[in-house]
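Accompanying notes for the structure given below.
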2 protein chains.
Amino acid sequence: MALRHAVLAALLDEELSGYQLAKAFDMGVANFWHALPQQLYSELAKLEKQGLVTGREVVQDTRPNKRLFKVTEAGVAELERFAATDNKPSFIRDDLLVTVQAADHVDTEEVIARLTERAAFADAKIELFGGLLRRIRGDRSEEEFLRHGERIGPYLTCMRGLAFEQGNRDWCRQSAAILRERRTAHAQR
Amino acid sequence: MALRHAVLAALLDEELSGYQLAKAFDMGVANFWHALPQQLYSELAKLEKQGLVTGREVVQDTRPNKRLFKVTEAGVAELERFAATDNKPSFIRDDLLVTVQAADHVDTEEVIARLTERAAFADAKIELFGGLLRRIRGDRSEEEFLRHGERIGPYLTCMRGLAFEQGNRDWCRQSAAILRERRTAHAQR
DNA sequence: CCATGATACTCAATAAAGTGACTAATCACA
DNA sequence: TGTGATTAGTCACTTTATTGAGTATCATGG
């Protein structure tokens with residue numbers, strides 16, 4: 001049950017409404033976890049009941065009212081506890097890998113199509129993360145920021161997200177190229 | 001619902017018992033998905049009921065009897081359908097990333113400890129995957145195998161698993177180094 | 001002035017994944 | 001001779017995640 005901790009971690013640096021949080025989790029801005037709006041709303045409700053976050057109503061004229069949430073001291077303590085005990089390894093769980101695993105037994109064109117789509121998706125994410133990193137570090141160089149920046153947690157997770165998508169893109173392109181080559185080699189025989 | 005497809009993909013190249021399948025999924029040999037034994041047994045039962053796999057009883061003297069499963073034609077057709085339609089992107093979902101996201105607000109020593117543990121875990125997986133790849137390609141070079149090998153699906157997914165873990169290891173080491181540096185810089189002030 | 005889309009949520013239901021406890025045999029080792 | 005590890009599973013239960021449908025207001029564009 002790490003969604004609760006992901007929510008806490010996301011709320012550490014800014015006070016957010018459930019809606020804003022949902023956008024962040026959906027966009028991949030919160031590249032360290034993924035969740036749908038409904039989960040976040042219910043998680044926020046649980047966290048508030050347990051006193052790990054507090055919400056305050058913000059009355060808006062032009063928009064529906066919203067509730068902004070921030071992490072309480074108890075919430076930070078819970079994250080502290082989490083940081084001290086967690087150890088579950090991460091596993092890739094990816095439809096595309098399942099498809100490629102079966103590549104020798106299914107239509108190669110389809111596999112290549114999926115790989116190409118994913119490479120394009122990865123490219124979009126790479127640009128998104130790249131821009132995000134630049135925005136976070138401002139006019140400082142990456143090295144400078146990592147040495148002396150105030151909050152580097154979000155920067156580090158974003159770096160991992162970027163590298164992950166670069167790995168995805170490279171692998172997708174390479175795999176697609178190999179499958180294409182084998183296809184033509186096969187056809188010429 | 002891709003576990004069903006992951007199971008089908010895993011059974012394409014060899015006939016396996018639920019137990020063997022569970023070991024494969026647990027070990028990360030099936031590095032494209034992760035599941036617990038109970039899930040696999042129940043998934044196999046469902047797949048058999050739907051005619052996508054068939055099991056045959058193997059009576060053993062020295063060991064408890066087992067049921068070996070293989071994919072039927074309908075099963076391959078299902079994978080074909082899956083390969084032609086799937087498109088769900090993969091998201092990282094990782095406790096460690098949540099911890100690092102909160103790095104600026106929790107005990108740095110603990111975060112460094114988690115990163116170090118994960119780097120060691122990644123190293124172990126890298127060796128495992130490296131050995132697996134060598135075993136699959138035998139005495140052929142990687143390029144030669146990818147060009148002319150019979151079944152490259154499992155090889156490609158294993159390559160992705162390897163690159164993923166290398167990315168993990170590198171990021172963990174770099175992040176831990178940065179946090180250590182900041183800690184000493186801070187202490188000296 | 002009417003459709004579309006963004007903001008800001010809620011509720012209900014199902015599907016998937018994970019946890020814990022169990023049976024039962026054989027093998028390896030001390 | 002009995003302790004633990006390995007093979008080969010099953011059953012029941014809970015927690016998470018996903019799907020789908022609603023509610024309500026306001027802003028923008030044609």
Side-chain angles (χ1 to χ4, degrees), chain A residues 1-8 11 15-27 30 32-50 53 55-69 82 86-95 98, chain B residues 1-8 11 15-27 30 32-50 53 55-69 82 86-95 98:
Chain A
M1 48 170 167
L3 174 58
R4 63 193 265 107
H5 300 107
V7 169
L8 288 172
L11 287 176
E15 212 177 7
L16 293 172
S17 69
Y19 188 75
Q20 290 171 302
L21 196 62
K23 292 214 90 175
F25 270 74
D26 195 45
M27 296 281 284
F32 55 97
W33 205 266
H34 171 254
L36 298 166
Q38 295 90 326
Q39 270 174 281
L40 296 170
Y41 283 114
S42 79
E43 203 61 48
L44 281 171
K46 274 188 228 165
L47 286 169
E48 191 177 23
K49 209 167 61 184
Q50 290 165 29
V53 303
R56 63 186 180 89
E57 188 88 13
V58 174
V59 180
Q60 299 184 121
D61 275 7
T62 133
R63 296 256 156 235
N65 296 348
K66 62 181 174 184
R67 304 200 66 218
L68 291 182
F69 293 92
F82 178 73
D86 107 86
N87 212 8
K88 298 190 183 175
S90 78
F91 290 99
I92 287 187
R93 241 185 206 184
D94 190 337
D95 285 3
V98 174
Chain B
M1 53 170 164
L3 174 58
R4 60 193 266 110
H5 300 107
V7 168
L8 287 172
L11 287 175
E15 211 177 8
L16 294 173
S17 69
Y19 186 76
Q20 290 170 302
L21 197 62
K23 293 215 91 176
F25 271 73
D26 196 46
M27 296 280 285
F32 56 100
W33 205 266
H34 171 253
L36 298 167
Q38 295 90 324
Q39 277 173 275
L40 296 170
Y41 282 116
S42 78
E43 203 61 48
L44 280 172
K46 275 188 227 166
L47 286 169
E48 192 177 23
K49 209 165 61 184
Q50 290 165 30
V53 304
R56 63 185 180 89
E57 188 89 14
V58 174
V59 180
Q60 299 183 120
D61 276 8
T62 134
R63 296 259 155 231
N65 296 348
K66 61 181 173 184
R67 304 200 65 218
L68 291 181
F69 293 91
F82 178 73
D86 107 85
N87 212 9
K88 299 192 184 174
S90 78
F91 291 98
I92 287 187
R93 238 180 210 187
D94 190 337
D95 285 4
V98 174

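Proteins get letters first, then strands, A, B, ... in listed order; numbering begins at 1 in each.
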What one should report as the nearest heavy-atom pair of Ser17(A) and Leu68(A) is N-CD2, 3.4 Å
Rounded to whole Å, CG of Asp95(B) lies from P of dT16(D) at a distance of 12 Å
To the nearest angstrom, the OH-P distance between Tyr19(B) and dT7(D) comes to 4 Å
Rounded to whole Å, the CG-P distance (Leu21(B) to dT7(D)) equals 14 Å
Checking dA17(D), dA21(D), dA8(C) against the side chain of Leu3(A) (C-beta onward), the nearest is dA17(D)
Whole-Å distance, Arg93(B) CZ to dT16(D) C1', equals 8 Å
Per atom distances to the Thr62(A) side chain, the nearest of dC26(D), dG20(C), dA21(D) is dC26(D)
* Asked: So, do Asp95(A) and His5(B) sit near enough that their side-chain heavy atoms are less than 4.5 Å apart?
  -> no
Between OH of Tyr41(B) and P of dT10(D) the distance, given in whole Å, is 7 Å
TODO: Would you mind classifying the nucleic acid contact of Ser17(B) as base, sugar-phosphate or nothing, using non-hydrogen atoms under 4.0 angstrom?
DONE: sugar-phosphate
To the nearest angstrom, the CD-C1' distance between Gln39(B) and dT19(C) comes to 11 Å
Short side-chain N/O contact to dA8(C) OP1/OP2 from Gln60(A), under 4.0 Å | yes
Closest to the side chain of Trp33(B), out of dA27(D), dA17(C), dA21(C), is dA17(C)
Here the pair of heavy atoms bringing Leu3(B) nearest to Ala35(B) is CD1-CB, 3.9 Å
Taking dG9(D), dA8(D), dA8(C) as options, the one with an atom nearest any side-chain atom of Arg67(B) is dG9(D)
Atom NE2 of His34(B) and atom P of dA17(C) are separated, to the nearest Å, by 12 Å
Discussion item. Any base atoms under 4.0 Å from Lys46(B), or only sugar-phosphate, or nothing? Heavy atoms, all strands.
Written reply: nothing
Leu11(A) vs Leu44(A) side-chain heavy atoms within contact, under 4.5 Å: yes
| said: Any base atoms under 4.0 Å from Arg4(B), or only sugar-phosphate, or nothing? Heavy atoms, all strands. | reply: nothing
What is the nucleic acid contact for Gln20(A), judged by heavy atoms within less than 4.0 Å: base, sugar-phosphate only, or nothing? nothing
N/O (side chain, Lys88(A)) to phosphate O (OP1/OP2, dG18(C)) under 4.0 Å: no
Of dT7(C), dC26(D), dA8(D), the nucleotide closest to the side chain of Pro64(A) is dT7(C)
Exercise for review: Please check if the side chain of Arg93(B) supplies one atom and the backbone of His34(A) the other of a donor-acceptor pair under 3.5 Å.
Suggested key: yes
Does Lys23(A) make a side-chain N or O approach to OP1 or OP2 of dT7(C) shorter than 4.0 Å? yes
Glu43(B) CD to dA17(C) P, in whole Å, measures 8 Å
